[in-house]
> 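I have a structure I would like to understand better, so I am pasting it below and will then ask my questions one at a time.
Since the model is a prediction, treat every value here as computed from it, not as a measurement. First listed ligand is number 1; within each ligand, the first listed atom is number 1.
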Amino acid sequence: MGKTQKKNSKGRLDRYYYLAKEKGYRARSSFKIIQINEKYGHFLEKSKVVIDLCAAPGSWCQVASNLCPVNSLIIGVDIVPIKPLPNCITFQSDITTEDCRSKLRGYMKTWKADTVLHDGAPNVGLGWVQDAFTQSQLTLQALKLAVENLVAGGTFVTKVFRSKDYNKLMWVFQQLFEKVEATKPPASRNVSAEIFVVCKGFKAPKKLDPRILDPKEVFEELADGPQNNEAKVFNPEKKRRRREGYDEDNFLQFKSVPVLEFVRSDTPIDVLGETNRLEIDDEDPEWRLLKKLRKTTPELMECFKDLKVLGKKDFRNMLRWRKLARELLQLDEDDKPLEVEVEELNEEELIDKELDQVRARQLAKQKREKRKKNEMKQKEITRMQMNMLTPMDIGIEAGNIGRESLFNLKHAEKTGQLKDLAKGKRRMIFNEDDLIEDNDIHIASDAEVESDQEVDELEDQLNAMYDAFKQRKSERDAKFRAKQARGDDDDEKWDGIQDKGSDEESEAEAKDYEEEDDESGSELDSDDDEAINKLIAKLKSEKGSGLSKKADLLFSNSIFDGVEAQIPTKAAKQQEPTPSPSNLSTTASLDSDEEVEDSSDDEGGRIEYVSREDNEDEDMLDSDDEDVNLRNHQKDVELATAQAMTMAHQLALGQKTKHDLVDDGFNRYSFRDSEGLPDWFIEDEKKHSKINKPITKEAALAIKEKMKQLNARPIKKVAEAKGRKKMRAMARLEKLKKKSDLIAEDSEKSERDKADEISKLMRKLTKKQKTKPKVTYVYAKGQNKGLSGRPKGVKGKYRMVDGVMKNEMRALRRIAKKHGRK
Ligand code: SAM
């Protein structure tokens with residue numbers, strides 16, 4: 001290689017230089033052939049015989065030796081000596097000479113080369129002979145050697161320079177090879193005019209026209225083709241000097257053409273390109289016509305005078321003007337587009353057309369929706385696969401379905417029977433047929449899944465019911481007030497009951513009871529039952545203190561004999577759910593506090609109810625918010641055991657009445673003598689010594705679903721968090737993989753650099769995953785208050801806190817702990 005080039009000159013010592021040094025290659029150009037080989041199907045890896053023409057100092061030979069199969073024959077030749085290379089045969093010779101040709105034949109013997117490489121660049125200044133050869137001629141010589149030595153289908157890679165001979169060389173390559181492509185590998189400097197041509201699939205023609213490889217023939221100057229007038233017109237600024245002189249036919253240096261010839265000509269650009277001036281004939285009637293055009297400006301006419309000084313814009317104006325002129329002279333009539341007459345559609349066809357359009361729109365809409373649904377489904381599946389969701393058969397969703405399926409009140413609402421159902425009177429709701437047909441009232445079929453709309457409907461229904469309840473209550477209040485106004489002294493005595501509102505309500509309820517008792521005999525309304533229970537409790541406790549006449553009359557009835565009732569305590573009363581329609585059947589089953597507690601305890605069942613506080617104002621506020629309302633409603637009654645659920649279920653269906661429950665409460669476990677017995681014994685008895693009541697399948701299923709729902713809640717959250725964590729880790733890993741792949745593929749980097757970079761990435765990744773450093777809270781008191789800077793003895797992250805903050809934190813922790821225990 002020419003030593004004239006300074007290695008330390010600007011831009012020469014680039015990364016390929018250092019990389020080549022590191023890899024032990026003799027020249028940075030080694031990376032050019034590496035990149036070409038990678039881009040064009042790793043042809044070197046498949047080559048058993050490689051000839052490297054112009055090989056000095058030998059880096060391409062080194063690359064070939066590394067990449068070709070073991071025991072491959074690699075021959076390198078250069079006009080300058082090449083230092084011996086392992087696994088390569090090298091010799092010094094000029095590739096344009098017969099000597100090189102014969103030497104090469106000697107080394108090749110009978111073999112044929114799979115690949116011939118040529119990276120020759122003429123060494124300027126070596127001698128007149130070398131100087132005489134241009135790069136293109138050298139390339140053609142290399143091709144000649146390649147044609148002699150290549151196997152059919154072989155590959156030839158050569159360097160060419162961008163010059164006027166480039167196309168001619170390309171044409172020659174194309175005659176001899178199946179596929180010819182020019183490329184500039186990244187390792188080749190942009191400032192360099194070199195490009196590489198990769199010729200694959202040597203055709204190995206049996207007979208070859210010797211002229212095809214003859215530099216004189218190939219690079220012979222051809223006569224110039226037709227002039228590019230277009231370029232002249234549209235790039236007039238770039239004027240080429242014609243050193244060759246003028247056209248043979250054009251002996252005149254100045255050419256003028258009548259302006260109408262320019263207008264009429266089919267090649268206006270040629271006219272403009274070849275002409276110096278457009279002549280105007282004022283006598284010409286056509287010109288007189290054209291002169292009237294608005295675009296025929298004095299400026300335009302000035303332009304006609306010397307076309308050689310015009311710019312692109314002027315030419316464009318002239319061409320536009322020509323178009324208008326042709327229109328005026330009606331020269332383009334033949335080119336007019338054909339007018340096609342379209343028949344008007346009749347009414348039927350119009351309707352059909354419209355229908356088709358509507359159908360098409362609908363179809364498109366359906367398709368869109370379907371696609372959207374599929375996408376959603378796909379997303380859901382992906383989320384499930386990533387463990388971000390628990391499947392529908394467990395968890396909250398299942399709980400919801402379960403709740404809906406067990407107590408699906410849709411049908412009952414629609415038929416207006418919900419209210420009656422809430423009171424637990426089966427006979428009022430169902431007849432025998434209904435029970436068979438409308439089984440879905442209480443046990444919904446699996447197929448029935450409540451839609452959002454249904455939920456909304458239910459909510460509306462409940463709201464309406466609640467409004468009705470309020471209305472009724474206010475009516476009762478009004479009645480009571482009216483009564484008070486009449487001055488009924490007996491009623492005044494009821495003040496002993498703690499809550500005045502409840503008193504009023506109780507009185508009204510008692511009154512209702514009296515009326516209804518007459519009508520329906522022993523069958524009581526659950527609302528009334530509730531009120532009566534309270535009333536009994538109250539009145540019994542006040543026996544002797546004077547009852548109202550009506551109350552006296554009521555309790556003189558023999559049915560109250562032997563009935564023990566307790567006045568509910570204030571606390572108990574607060575816990576007691578409001579007998580609103582939303583309490584549904586469970587409320588109806590609560591005969592009296594004591595009775596229910598007893599019976600449920602005995603059965604091992606526990607009825608827990610999370611009730612809204614008996615606070616109507618709150619409800620009123622909430623009533624605006626539908627979601628909250630619905631949620632509150634759902635929380636009204638929470639049955640925790642299968643026995644309790646069964647009981648509620650039976651009451652709701654009217655299979656059992658409150659009396660049955662009362663009866664059930666009286667059993668051998670009911671009244672145990674616990675006096676003198678140790679606590680642990682009583683506890684134990686309570687747990688184990690009780691009636692085992694059968695439970696219904698539906699109730700068991702409902703409780704099971706509820707438990708699943710409860711269990712799934714934390715599990716679902718944990719699973720989702722874990723899924724998210726996993727997903728994040730996977731994403732990070734994927735990113736790392738991609739990055740490291742990119743690094744590994746980068747042929748410009750050494751293996752050590754690659755390894756370093758990848759391990760750096762790994763370190764970064766693991767560093768990110770580390771847990772957050774622990775923060776030490778420093779409480780500065782006394783003199784240390786307001787100290788700035790790191791406090792003594794504190795390592796790592798720290799945070800200064802003041803006394804108030806510390807106390808607050810403690811209090812918060814205490815509260816949280818307390819609630820957590822609960
Ligand atoms: N591919 C080589 C490598 O990577 O080591 C570098 C080749 S260098 C760019 C060009 C080489 O062409 C020079 O070493 C020069 O001596 C050689 N060369 C120029 N004219 C030649 C000729 N007529 N015969 C043989 N070699 C020639």
Side-chain angles (χ1 to χ4, degrees), residues 1-7 12 14 16-17 19-21 23-37 44 50-68 74-104 107 115-146 148-149 155-161 183-189 191-198 213 215 747:
M1 202 170 184
K3 287 181 181 174
T4 45
Q5 288 167 330
K6 285 180 190 168
K7 275 199 172 171
R12 291 210 57 80
D14 63 356
Y16 291 110
Y17 171 83
L19 221 54
K21 258 189 147 185
K23 288 215 154 197
Y25 288 127
R26 292 182 178 179
R28 66 182 290 289
S29 55
S30 52
F31 291 102
K32 296 175 191 169
I33 190 64
I34 289 173
Q35 286 161 358
I36 291 170
N37 179 53
L44 279 178
V50 177
I51 299 172
D52 183 7
L53 304 171
C54 307
S59 72
W60 282 32
C61 283
Q62 284 178 305
V63 173
S65 157
N66 285 345
L67 299 178
C68 292
I74 297 155
I75 303 167
V77 52
D78 199 286
I79 202 165
V80 295
I82 306 165
K83 255 178 36 184
L85 279 164
N87 308 322
C88 299
I89 298 168
T90 54
F91 65 94
Q92 186 182 4
S93 183
D94 181 348
I95 64 159
T96 59
T97 59
E98 188 54 40
D99 165 61
C100 174
R101 214 174 144 212
S102 57
K103 272 185 184 164
L104 205 57
Y107 287 117
T115 303
V116 174
L117 307 173
H118 171 245
D119 187 25
N123 288 341
V124 181
L126 272 182
W128 68 270
V129 184
Q130 281 78 21
D131 285 348
F133 281 96
T134 62
Q135 172 67 39
S136 308
Q137 284 163 329
L138 199 65
T139 305
L140 205 63
Q141 287 300 324
L143 177 67
K144 211 172 178 180
L145 286 177
E148 279 169 18
N149 292 288
T155 306
F156 175 56
V157 179
T158 180
K159 176 154 83 181
V160 289
F161 281 86
T183 180
K184 186 158 174 81
S188 171
R189 291 193 181 91
V191 288
S192 166
E194 73 180 8
I195 42 175
F196 289 83
V197 178
V198 182
L213 297 169
S747 53

> Is it the case that the side chain of Gln35 and the backbone of Lys184 share a donor-acceptor pair, with hydrogens and angles ignored and the cut-off at 3.5 Å?
no
> Main chain of Asp119, side chain of Glu194: is a donor-acceptor contact present, judged purely on distance under 3.5 Å?
no
> Treating Gln92 as the side-chain partner and Ile79 as the backbone partner, does any N or O pair qualify as donor plus acceptor under 3.5 Å?
yes
> Considering distance alone, does some N or O of Asp94 sit under 3.5 Å from an N or O of ligand 1?
yes
> When only distance counts, is Asp52 in polar contact with ligand 1, meaning an N/O pair under 3.5 Å?
no
> Under 4.0 angstrom from ligand 1, any heavy atom of Lys159?
yes
> Of Thr96, Ile33, Ile95, Thr97, which has the heavy atom at the shortest distance from atom 24 (N) of ligand 1?
Ile95
> If you count the non-hydrogen atoms of other residues, nucleotides and ligands that lie under 6.0 Å from NZ in Lys144, is the total more than 12?
no
> Of the side chain and backbone of Pro57, name the one, both, or neither that has a heavy atom under 4.0 Å from an atom of ligand 1.
both
> Compute the shortest N/O to N/O distance between Val77 and ligand 1 and return yes if it is under 3.5 Å, no if not.
no
> With heavy atoms of Asp119 as the reference, note each atom of ligand 1 found under 4.0 Å away.
1 (N), 2 (C), 6 (C), 7 (C), 8 (S), 9 (C), 10 (C)
> Which one holds for Ser93 and ligand 1: side chain close, backbone close, both close, or neither close, with close meaning a heavy atom under 4.0 Å?
backbone
> Relative to the heavy atoms of Ser59, which atoms of ligand 1 are at a distance of less than 4.0 Å?
3 (C), 4 (O), 5 (O)
> Please work out whether any backbone atom (N, CA, C, O) or any side-chain heavy atom from C-beta onward of Cys100 is under 4.0 Å from ligand 1, and answer side chain, backbone, both or neither.
neither
> Suppose we screen for ring-ring contact (aromatic ring centres under 6.0 Å, His included). Which residues come up paired with Phe91, at least two apart in sequence or across chains?
Tyr107
> Check whether any side-chain heavy atom of Ile74 sits under 4.5 Å from a side-chain heavy atom of Asp52, and report yes or no.
no
> Pull out every atom of ligand 1 sitting under 4.0 Å from any heavy atom of Gly120, numbered as shown with elements.
12 (O)
> So if I apply the side chain to side chain contact (heavy atoms under 4.5 Å, CB included) rule between Leu44 and each of Thr155, Ile36, Ile34, Asn37, which one comes out positive?
Asn37
> Taking only heavy atoms of Val80, which atoms of ligand 1 are found under 4.0 Å from at least one of them?
16 (O)
> Do Leu117 and Val50 come close enough that some side-chain heavy atom pair is under 4.5 Å?
yes
> Looking only at heavy atoms of Gly58, does any of them come nearer than 4.0 Å to an atom of ligand 1?
yes
> List the atom pairs, with distances to 0.1 Å, where a side-chain N or O of residues 57-66 and a protein N or O form a donor-acceptor pair under 3.5 Å, not counting sequence neighbours.
from: Ser59; atom 1: OG; to: Ser30; atom 2: N; distance (Å): 3.4
from: Trp60; atom 1: NE1; to: Ser29; atom 2: O; distance (Å): 3.0
from: Gln62; atom 1: OE1; to: Arg26; atom 2: N; distance (Å): 2.8
from: Gln62; atom 1: NE2; to: Gly24; atom 2: O; distance (Å): 3.1
from: Asn66; atom 1: ND2; to: Tyr25; atom 2: OH; distance (Å): 3.1

